[in-house]
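No experiment lies behind these values; they were computed from the predicted model shown.
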Amino acid sequence: LQNISIGPWQKEISDASMERLIEAIQKKPALQSINITLSQYGEFSDAGMEHLSKAIQCASVLKNISLDCQKIFAASMTKLIEAFQSKPALENISLTCADICDKDMELLSDAIQQKQGLESISFACAEISDDCMGNLSEAIENAPALQNISIGPWQKEISDASMERLIEAIQKKPALQSINITLSQYGEFSDAGMEHLSKAIQCASVLKNISLDCQKIFAASMTKLIEAFQSKPALENISLTCADICDKDMELLSDAIQQKQGLESISFACAEISDDCMGNLSEAIENAPALQNISIG
């Protein structure tokens, strides 16, 4: 056994059962991937997290860790991050939680920056402060081998300053291959934030995958985003979810899609879309030369 993915459950799991599970994982030193999803029944007890942390430390060749839970207590988060720090070969870290304190985010940021081979970060937290966003941005900016970023969703509004700091960090990673940002219901990109994102896309010289999920992108911002798409000849996958899109921007997006010789996948969802926009989308699909995968709505 090299790879384990457990959960989610729809009922509460006892501490004893969870600890027994983690003890079993702890006895598998050859594990390369650990994925645990606790869904709404998601608190890790300190004892359970201590077992998980030991399991991570015992897995000598561990490359991938994914943990999704509603709440990790502060003492447990510290243990988890210490376990991350002990794994020099980690390539992928994914963490989803309800909240994280500033101190633990700072520790996590330090752990990410120390990982010479870390290629992918996925981070989602319902409650996150501006200071935590700053630490996350610093981690992204300074992780030496980072290629793939997935950020969000959040369940609170993120300040323009924090969002712009995040995008500035992404902008400094020219080797990025994938950018995925999900803003959920707190989803407006300011024009300034979108300008930074558009520049980040243009600076990522080998970018292949872009996914953006937000409730509203202002018209001027959408134009900048599509211009950024047009500047990336190597794009293979485009995913865009928004609340509405005007006819002019849909026409620009359609043109951008048709110009991509290597574009293999399109995913497009929009709550409000006109017949003219649907016509432009249909034209894009019809004329995209390498298209293999389509997801609409």
Chi angles and distances behind the side-chain hydrogen bond (donor to acceptor under 3.5 Å, both in side chains) call for Ser120, Asn92: CA-CA 5 Å; Ser120 299; Asn92 305 292; 3.0 Å; yes

Side-chain donor or acceptor of Lys232 paired with backbone N/O of Ile210 under 3.5 Å: no

Heavy-atom pair of closest approach, residues Ser198 and Leu225: OG-N, 3.5 Å

Validation row: Asn148, Leu176 side chains within 4.5 angstrom (heavy atoms): no

side-chain contact (heavy atoms from CB on, under 4.5 Å) evaluation trace for Leu235 with Lys208: CA-CA 4 Å; Leu235 269 182; Lys208 295 179 179 179; 5.7 Å; no

Heavy-atom side-chain proximity of Leu240 to Leu253 below 4.5 angstrom: yes

Heavy-atom side-chain contact between Thr96 and Leu67 under 4.5 Å: no

Distance (rounded to the nearest 0.5 Å) between Gln32 CD and Gln2 CD: 4.5 Å

From CA spacing to verdict: side-chain contact (heavy atoms from CB on, under 4.5 Å), Asp249, Cys246: CA-CA 5 Å; Asp249 284 332; Cys246 72; 3.3 Å; yes

Between CG on residue Asp130 and OG on residue Ser137, distance to nearest 0.5 Å: 10.0 Å

Residue pair Ile245 / Phe268, side-chain heavy-atom distance below 4.5 Å: yes

Asp276 side chain near Met250 side chain, heavy-atom distance below 4.5 Å: no

Straight-line distance of Leu136 CG to Ile112 CD1, nearest 0.5 Å: 6.5 Å

Shortest non-hydrogen contact from Ala124 toward Gly152: CB-O, 3.3 Å

Rounded distance [0.5 Å steps], CD1 in Ile34 versus CG in Leu52: 6.5 Å

Donor-acceptor side-chain pairing of Ser33 and Asn64 below 3.5 angstrom: yes

Polar contact flag, side-chain donor to acceptor under 3.5 angstrom, Glu251-Asn280: no

Flag for Ser254-Gln258: side-chain donor and acceptor within less than 3.5 Å: yes

Candidate pair Ile140 and Lys173, rule side-chain contact (heavy atoms from CB on, under 4.5 Å), full reasoning: CA-CA 8 Å; Ile140 289 169; Lys173 308 303 291 183; 4.2 Å; yes

Which atom of Glu119 lies closest to which atom of Leu146, heavy atoms considered: O-CD1, 3.5 Å

Contacts of type salt bridge (charged side-chain N to carboxylate O under 4.0 Å, His left out), residue Lys172, not counting sequence neighbours: Glu141

Sidechain-backbone polar pair: Asn142 side chain, Glu138 backbone, donor-acceptor under 3.5 Å: yes

Any side-chain heavy-atom pair of Cys203 and Pro174 under 4.5 Å: no

Atom pair OG/CG of Ser60 and Leu62 - distance to nearest 0.5 Å: 9.0 Å

Any side-chain heavy-atom pair of Gln85 and Gln114 under 4.5 Å: yes

Leu263 and Ile238: CA distance, side-chain angles, deciding distance, side-chain contact (heavy atoms from CB on, under 4.5 Å) verdict: CA-CA 8 Å; Leu263 188 67; Ile238 293 176; 3.9 Å; yes

Residue pair Asn180 / Ile149, side-chain heavy-atom distance below 4.5 Å: no

hydrophobic_cluster_shared for Val61 and Leu1, side chain cutoff 4.5 Å: no

Lys115 side-chain N/O to Phe84 backbone N/O, donor-acceptor pair under 3.5 Å: yes

Gln292, CD atom: more than 12 neighbouring heavy atoms under 6.0 Å: yes

From CD1 (Ile296) to SG (Cys270), nearest 0.5 Å: 11.0 Å

Shortest non-hydrogen separation from Ser129 to Asp102 and the atoms involved: OG-OD1, 2.6 Å

